[in-house]
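In what follows, a structure is listed as structure tokens, so that the remarks can point back to it.
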There are 2 protein chains.
Amino acid sequence: MLRPITREVISAANAESLARSVKALADPARIRIVSMIAAHDDGEACVCDLTDPLGLSQPTVSHHLRILMDAGFLTRSKRGTWAYYRLAPGALGALTSFLASAV
Amino acid sequence: MLRPITREVISAANAESLARSVKALADPARIRIVSMIAAHDDGEACVCDLTDPLGLSQPTVSHHLRILMDAGFLTRSKRGTWAYYRLAPGALGALTSFLASAV
DNA sequence: GTTAAACATCGACGTTTGTCAATGTATCTG
DNA sequence: CAGATACATTGACAAACGTCGATGTTTAAC
């Protein structure tokens, strides 16, 4: 993988937006949540699947899920009283490849 | 890139350590610093090269550089009164590939 | 219509974070 | 040695963050 002769510095605005995405993953609970959802049956999990293994209260888990959703890493589908969360296809890969190329 | 049938959930300890690394990049100033160092002549830059383009005070820049060093993303070599910072080879790539595979 | 269950939202709290001015530490120059 | 330069460290402060208990909202079951 060759290094281009000229290397552009990331713009302040792009750095801000990239930092927002990275920040969404910069917490152990949220990293575990993403990993747990990815490993769960059918690739989806509800809040009640996560609270116990995480050792966190239900409001805290909902809070983390909202942050991951707002950052575009998760999607939510409500069925009955349950809310099922999934990985947003390609979102994580997009971040890691952009991170690797941009900085 | 095939997905393994069984997917391990990341351990709490590994999530903690991964979060520490990610957190070091979860700030627009630090992302710009990494990008600026990568783009700078000979792949190295001193503190005085960074303060003006970042619009931050010298202590703040030193603070960010320390965080990036502690996380293993940068190396420092002192020559005279100047301190030259470089990307630690492979550190960023190691993070992104681990991130992509582990979560 | 009541009750119960799953989840979201709110309010409050201690902790962590990003920033700067002030100060300390080397290193070079005359 | 005296002054200047480049950088690190310290202390302080406001803002952001992670967490929980309490409460609100929606849906299902009886």
Side-chain angles (χ1 to χ4, degrees), chain A residues 12-13 15-37 40-42 44-71 73-86, chain B residues 12-13 15-37 40-42 44-71 73-86:
Chain A
E16 196 100 29
S17 124
L18 179 52
R20 258 193 300 275
S21 289
V22 174
K23 207 170 295 197
L25 290 177
D27 179 271
R30 290 196 286 272
I31 288 179
R32 296 177 70 197
I33 286 177
V34 171
S35 175
M36 285 174 180
I37 292 178
H40 208 262
D41 308 337
D42 297 321
E44 68 179 6
C46 57
V47 182
C48 55
D49 290 328
L50 303 170
T51 51
D52 270 19
L54 286 170
L56 293 174
S57 71
Q58 174 264 314
T60 299
V61 175
S62 283
H63 167 71
H64 287 307
L65 287 167
R66 162 176 262 281
I67 290 178
L68 288 169
M69 275 212 37
D70 289 351
F73 291 112
L74 299 183
T75 64
R76 180 176 72 152
S77 77
K78 195 131 196 250
R79 296 202 296 275
T81 55
W82 287 270
Y84 292 93
Y85 289 86
R86 301 183 150 276
Chain B
E16 196 100 31
S17 126
L18 179 52
R20 257 193 300 275
S21 291
V22 174
K23 208 170 293 198
L25 291 176
D27 180 89
R30 291 197 286 273
I31 287 179
R32 296 178 69 196
I33 287 176
V34 171
S35 175
M36 285 173 180
I37 292 178
H40 208 263
D41 308 337
D42 297 323
E44 69 179 6
C46 59
V47 182
C48 54
D49 291 327
L50 303 171
T51 51
D52 271 16
L54 286 171
L56 292 174
S57 72
Q58 173 265 313
T60 300
V61 174
S62 282
H63 167 71
H64 287 308
L65 287 167
R66 164 178 259 284
I67 289 178
L68 289 168
M69 276 213 36
D70 289 351
F73 291 113
L74 299 182
T75 63
R76 181 175 71 153
S77 78
K78 194 134 196 245
R79 297 202 296 275
T81 54
W82 288 268
Y84 292 92
Y85 289 87
R86 300 183 151 275

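Since this is a predicted model, take the numbers as computed values, not measurements. Protein chains get the first letters and strands the later ones, always in sequence-line order, with residue 1 at the start of each. No hydrogens, no waters, no symmetry mates; every other heavy atom, side chains included, goes into these values.
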Report task. Just jot down the side chain to side chain donor-acceptor pair (under 3.5 Å) partners of A/Gln58, sequence neighbours excluded, or say none. Result -> A/Ser62

**Report entry** Results of side chain to side chain donor-acceptor pair (under 3.5 Å) for A/Thr60 - residues two or more places apart only
**Finding:** A/Ser57

Query raised in the report: Separation of B/His64 atom NE2 from C/dG18 atom P, in whole Å?
Result: 6 Å

**Report entry** DNA chain D: 5'-most and 3'-most nucleotides touching chain A, 4.0 angstrom heavy-atom criterion
**Finding:** D/dC17 to D/dA28

Requested in this report: Rounded to the nearest 0.5 Å, what's the gap from NE2 on B/His40 to OH on B/Tyr85? Could you check?
Outcome: 14.5 Å

Requested in this report: Taking side-chain contact (heavy atoms from CB on, under 4.5 Å) as the test, write out the residues that go with A/Arg66, two or more places apart.
Outcome: A/Asp70

Query raised in the report: Got a sec, which pairs hit side-chain hydrogen bond (donor to acceptor under 3.5 Å, both in side chains) with one end in residues 21-37 of chain A, sequence neighbours left out?
Result: A/Arg30-A/His64

Report task. Taking only heavy atoms on the protein side, list every residue of residues 15-36 of chain A lying under 4.0 Å from any atom of DNA chain D, sorted numerically. Result -> A/Lys23, A/Asp27, A/Arg30

Query - Minimum heavy-atom distance between A/Phe73 and A/Ala24, given as atom pair plus value - result: CE1-CB, 3.9 Å

Query raised in the report: To the nearest 0.5 Å, what is the distance between CG (A/Leu50) and CG (A/Leu56)?
Result: 10.0 Å

Query raised in the report: Which residue pairs pass the side-chain hydrogen bond (donor to acceptor under 3.5 Å, both in side chains) test when at least one of the two sits in residues 44-55 of chain B, sequence neighbours left out?
Result: B/Glu44-B/Arg79, B/Glu44-B/Arg86

So which protein N/O to nucleotides 1-8 of chain C N/O distances come out below 3.5 Å?
{"residue": "C/dA6", "atom": "O4'", "partner": "A/Thr81", "partner atom": "OG1", "Å": "3.4"}
{"residue": "C/dA6", "atom": "O3'", "partner": "A/Thr81", "partner atom": "O", "Å": "3.4"}
{"residue": "C/dC7", "atom": "OP1", "partner": "A/Val47", "partner atom": "N", "Å": "3.4"}
{"residue": "C/dC7", "atom": "OP1", "partner": "A/Ala83", "partner atom": "N", "Å": "3.3"}
{"residue": "C/dC7", "atom": "OP2", "partner": "A/Cys48", "partner atom": "N", "Å": "3.0"}
{"residue": "C/dA8", "atom": "OP1", "partner": "A/Arg76", "partner atom": "NH1", "Å": "2.9"}
{"residue": "C/dA8", "atom": "OP1", "partner": "A/Tyr85", "partner atom": "OH", "Å": "2.4"}
{"residue": "C/dA8", "atom": "OP2", "partner": "A/Ser62", "partner atom": "OG", "Å": "2.4"}
{"residue": "C/dA8", "atom": "N7", "partner": "A/Gln58", "partner atom": "NE2", "Å": "2.7"}
{"residue": "C/dA8", "atom": "N6", "partner": "A/Gln58", "partner atom": "OE1", "Å": "3.2"}

Report task. Identify, with sequence neighbours excluded, every residue that meets side chain to side chain donor-acceptor pair (under 3.5 Å) alongside B/Arg20. Result -> none

**Report entry** Reference residue B/Ile33; test side chain to side chain contact (heavy atoms under 4.5 Å, CB included); the match among B/Leu25, B/Leu54, B/Ile67
**Finding:** B/Leu54

